[in-house]
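Read the structure below first, then the notes.
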Amino acid sequence: MISDGGQWCGHRGGQVRELTDDELVLRLREAKEELFNLRFQMATGQLDNNRRLRTVRHDIARTTR
C-alpha cells in the first residue's frame, strides 16, 4: 500500500483481481522495491513507521495469490 505515492492505497482482493497481468507485475515490483527500502531504513534506524513493513508485506501476498 503505497499511501504517499498514491498507487496502492487500500487495494483489497476484489480490486486486485480486476487488474491486468501487466499491472499486477508492475505493482508487485513496486511493492518489493518499497519493502527493500523500508528494510534498509529499519537497518539504519531511519524508519518512522514500523507498521508500513507489515502492510507492504500483506500487499505483496495479496498480489501473488
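The basis for the numbers below is simple: all heavy atoms, side chains too, and nothing from hydrogens, waters or symmetry mates. Fair warning: this is a prediction, and the values are worked out from it, not measured in the lab.
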Report the distance from atom OG1 of Thr55 to atom CG of Leu38, rounding to the nearest 0.5 Å. 8.0 Å
So how far is it from Glu23 CD to Glu18 CD, rounded to the nearest 0.5 Å? 10.0 Å
Side chain to side chain contact (heavy atoms under 4.5 Å, CB included) filter on Asn49, not counting sequence neighbours, yields Arg51, Arg52
Residues in side chain to side chain contact (heavy atoms under 4.5 Å, CB included) contact with Arg57, at least two apart in sequence or another chain: Leu35, Arg39, Leu53, Arg54
Correct closest heavy-atom pair for Ile60 and Ala31 would be CG1-CB, 3.6 Å
What pairs with Asn50 under side chain to side chain contact (heavy atoms under 4.5 Å, CB included), at least two apart in sequence or on another chain? Met42, Leu47
Those residues that, when tested against Glu33, pass side chain to side chain contact (heavy atoms under 4.5 Å, CB included) (two or more places apart): Asn37
Measure the OG1-NZ distance between Thr63 and Lys32 for me, rounded to the nearest 0.5 Å. 9.5 Å
